[in-house]
Amino acid sequence: VGDYWGLTPDMPGWNRNGVSILIVRTQRGEELVKQIDPEKFSLSPADAGFAIEHNKMYYERRKMPEDYERFVSDLKSRGLHTAIVNHYGRWKWLKARAKKYIKKLIPAPVKKILRAIRRML
């Protein structure tokens with residue numbers, strides 16, 4: 001299960017909010033897919049080769065961050081919040097939090113106008 005990278009607006013199945021792909025590689029996987037409720041999930045055949053070609057994480061391992069061990073140590077000993085703050089740095093974390101709260105203060109009609117402007121650009 002992953003993101004179906006590489007789709008463009010002119011391709012079947014494209015969705016501006018994103019598309020996921022489920023690649024079934026075993027008989028058991030096929031049995032599980034048959035149990036998916038079509039009322040809750042829309043399934044369509046896809047070109048697995050195309051999806052894999054455009055998603056390098058399928059065949060290439062993500063590089064481990066330099067501070068991975070510190071993050072895991074903070075996570076286990078001090079919790080997720082501290083691990084994230086230490087990983088990103090206090091100022092970067094504070095900036096992200098401030099941005100989140102400021103967005104909440106913007107009225108819905110203004111957000112709608114801003115989204116429309118972004119789409120036009």
Side-chain angles (χ1 to χ4, degrees):
V1 176
D3 291 328
Y4 193 167
W5 294 105
L7 287 179
T8 58
D10 60 319
M11 296 173 75
W14 185 83
N15 182 313
R16 69 183 184 101
N17 296 318
V19 178
S20 296
I21 188 159
L22 174 66
I23 298 175
V24 180
R25 297 175 41 176
T26 66
Q27 182 67 35
R28 176 71 176 134
E30 286 189 31
E31 292 168 10
L32 290 170
V33 168
K34 289 177 184 174
Q35 295 177 24
I36 294 174
D37 183 351
E39 296 293 320
K40 294 182 180 178
F41 292 95
S42 172
L43 298 177
S44 302
D47 182 345
F50 178 86
I52 291 168
E53 178 184 334
H54 288 86
N55 191 340
K56 70 179 186 174
M57 288 298 117
Y58 183 83
Y59 53 85
E60 186 178 301
R61 186 171 185 227
R62 185 178 307 258
K63 292 178 184 169
M64 191 174 293
E66 291 178 18
D67 65 345
Y68 175 79
E69 294 299 329
R70 178 180 171 210
F71 181 86
V72 172
S73 174
D74 284 346
L75 179 64
K76 289 178 180 178
S77 65
R78 302 179 74 198
L80 181 60
H81 175 77
T82 300
I84 290 171
V85 171
N86 287 343
H87 177 74
Y88 286 106
R90 183 158 302 281
W91 289 111
K92 188 174 181 180
W93 177 82
L94 284 170
K95 181 181 172 184
R97 297 290 292 183
K99 188 175 180 180
K100 180 180 177 181
Y101 286 113
I102 290 169
K103 281 185 177 182
K104 285 184 177 182
L105 297 174
I106 299 172
V110 174
K111 287 181 185 177
K112 190 173 182 179
I113 291 168
L114 291 173
R115 277 194 299 270
I117 291 170
R118 264 190 245 123
R119 277 189 226 119
M120 291 189 302
L121 300 176

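Only heavy atoms go into these numbers, but all of them, side chains included; no hydrogens, no water, no symmetry mates.
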- Query: Any side-chain heavy-atom pair from Y4 and D47 closer than 4.5 angstrom?
  - Reply: yes

- Task: Please report the shortest heavy-atom distance between H87 and P65, naming the atom on each side.
- Result: CE1-CB, 4.5 Å

- Could you grab the distance from atom CZ of R16 to atom CH2 of W14, nearest 0.5 Å is fine? 7.5 Å

- Query: When hydrophobic residues are tied together by side-chain contacts of less than 4.5 Å, even through go-betweens, does I23 share a cluster with V33?
  - Reply: no

- For the student: nearest non-hydrogen atoms of N17 and N15, plus distance: N-OD1, 2.7 Å

- Would E31 and K34 pass as an ion pair if we require N to O under 4.0 Å? no

- Among the clusters formed by ILVMFWY side chains lying less than 4.5 Å apart, do L80 and Y68 turn up in the same one? no

- Does V72 belong to the same Ile/Leu/Val/Met/Phe/Trp/Tyr cluster as I84, with side-chain heavy atoms less than 4.5 Å apart forming each link? no

- Task: Report the C-alpha separation of W93 and H81 in whole Å, then their side-chain angles, then the decisive distance to 0.1 Å, and conclude whether the side chain to side chain contact (heavy atoms under 4.5 Å, CB included) test is met.
- Result: CA-CA 10 Å; W93 177 82; H81 175 77; 3.1 Å; yes

- R25, CZ: over 12 other non-hydrogen atoms inside 6.0 angstrom: no

- Between the main-chain N or O of D3 and the side-chain N or O of N55, is there a donor-acceptor pair closer than 3.5 Å? yes

- Task: Would you kindly confirm whether F41 and I21 end up in one hydrophobic cluster when ILVMFWY residues are joined by side chain heavy atoms under 4.5 Å apart?
- Result: no

- Task: Apply the test side chain to side chain contact (heavy atoms under 4.5 Å, CB included) to residues K100 and K103: give CA-CA distance (whole Å), side-chain angles for both, the deciding distance (0.1 Å), then the verdict.
- Result: CA-CA 5 Å; K100 180 180 177 181; K103 281 185 177 182; 5.9 Å; no

- Task: Locate the shortest heavy-atom distance separating R78 from N86; write the atom from each residue and the value.
- Result: NH1-ND2, 4.1 Å

- Query: If you measure from CG on L32 to CD on Q27, what distance do you get to the nearest 0.5 Å?
  - Reply: 10.5 Å

- Message: Quick one: does any side-chain atom of H54 pair with a main-chain N or O of F50 as donor and acceptor, under 3.5 Å?
- Response: yes

- Note on the structure: Closest non-hydrogen atoms of T26 and V24, given as atom of the first, atom of the second and distance, are O-CG1, 3.5 Å

- Message: With a 6.0 Å cut-off (strictly less than), is the heavy-atom count around CD of E66, excluding the residue itself, greater than 12?
- Response: no

- Would L94 end up clustered with V85 when hydrophobic side chains under 4.5 Å apart are linked, directly or stepwise? yes

